[in-house]
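Here's the structure we're looking at; comments come further down.
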There are 2 protein chains.
Amino acid sequence: MTARKKNSTYTHNEKYIVNCDLTYALSMIGGRWKILILDKLDGKTLRFSDLKREFYYVTERMLTLQLKALEKDGLIKRKAYAEVPPRVEYELTEMAMALSPLLKQLSEWGGRQREQQQTS
Amino acid sequence: MTARKKNSTYTHNEKYIVNCDLTYALSMIGGRWKILILDKLDGKTLRFSDLKREFYYVTERMLTLQLKALEKDGLIKRKAYAEVPPRVEYELTEMAMALSPLLKQLSEWGGRQREQQQTS
DNA sequence: GTCATTACTTACATTTTTGTTCGTTGCATA
DNA sequence: TATGCAACGAACAAAAATGTAAGTAATGAC
């Protein structure tokens with residue numbers, strides 16, 4: 001999102017992340033609020049204000065940033081209507097829908113893992 | 001890993017992450033090198049030096065931090081032998097093994113997504 | 001003409017994550 | 001006696017991610 005200094009090790013190492021399909025996948029859903037947004041948009045079309053209301057604890061700036069990133073990565077579609085006040089709707093792309101069942105499995109695993117951790 | 005100031009919004013918002021099984025799951029594999037490590041340990045027991053050689057581009061400190069976090073989260077087991085020079089072996093826990101097939105699916109999805117993105 | 005509305009944007013501050021460099025331990029070997 | 005080894009730890013620095021606070025645009029309602 002922000003400008004990168006070239007030649008930093010952080011940037012340099014990025015190739016090891018991007019070259020791998022798995023880390024590439026995770027990088028697209030790794031933002032703090034991204035999967036929550038994807039989950040909320042599952043099966044629905046929502047306006048920015050709907051998301052804002054749902055994620056009242058997330059600042060508008062963060063919501064915007066995460067939405068922009070998701071759009072850039074082809075996970076959500078943005079439709080802006082030329083109205084005043086503005087209306088913008090978001091919905092999942094097909095690739096994001098293909099991700100849904102995977103996320104459900106991950107969620108179940110997370111639940112089991114949480115139990116495991118509590119009894120240890 | 002590092003001390004947290006209480007009352008920061010970042011910390012405060014963490015509950016929305018931890019309360020959700022999905023974000024909880026992702027938080028455990030979200031570190032920069034964690035899944036690469038998990039992937040490398042799949043089906044094998046490896047020494048710290050093995051991992052160091054494999055991930056030559058990751059600093060020892062980062063490797064240590066990620067391993068510690070994985071251990072704390074119950075994804076890897078650490079066995080230290082009382083020898084000199086020291087010998088420490090790492091292997092996956094059962095929960096981590098249960099995660100493997102999921103990660104494979106995610107990886108495949110990542111590959112498809114990468115192709116999609118390139119043609120757009 | 002003032003105000004409310006919606007979906008943002010900008011400048012800046014804070015917090016977290018990652019990386020750099022150097023040191024430690026205790027024994028074996030040269 | 002000096003050096004190398006393996007697996008770290010600690011102090012510090014850089015970079016990224018997230019959060020705070022304020023402002024913008026165009027229009028319709030009052």
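Order of the sequence lines sets the chain letters (A, B, ...), proteins ahead of strands, with each chain counted from 1.
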Whole angstrom is fine here: how far is it from CG in A:L67 over to P in D:dT18?
-> 13 Å
Hey, does A:T59 reach any base, or is it just sugar-phosphate, or nothing, if we go heavy atoms under 4.0 Å?
-> base
Would you indicate what B:Y81 reaches in the nucleic acid, counting non-hydrogen atoms under 4.0 angstrom: base, sugar-phosphate, or nothing?
-> nothing
So what does A:Y90 hit on the nucleic acid, given a heavy-atom distance under 4.0 Å: a base, only sugar-phosphate, or nothing?
-> sugar-phosphate
Here the distance between atom P of C:dT15 and atom CE of A:M62, to the nearest Å, is 15 Å
When all nucleic acid strands are considered with a 4.0 Å heavy-atom cut-off, which category describes B:R53: base, sugar-phosphate, or nothing?
-> nothing
Using a cut-off of 4.0 Å on non-hydrogen atoms, how would the nucleic acid contact of A:E89 be classed: base, sugar-phosphate, or nothing?
-> nothing
Counting side-chain heavy atoms from C-beta on, which of C:dT5, D:dT18, C:dC8 comes nearest to A:P85?
-> C:dT5
Validation row: A:E14, B:R32 side chains within 4.5 angstrom (heavy atoms) | yes
Touch check for A:R61, heavy atoms < 4.0 angstrom, all strands: base, sugar-phosphate only, or nothing?
-> base
Which part of the nucleic acid does A:S49 contact within heavy-atom distance under 4.0 Å: base, sugar-phosphate only, or nothing?
-> sugar-phosphate
Which sits closer to the 5' end of DNA chain C, B:G31 or B:E60, going by the nucleotide each is nearest to?
-> B:G31
Taking the side chain as every heavy atom from C-beta outward, state whether B:R47 and B:Y90 have any atom pair closer than 4.5 Å.
-> no
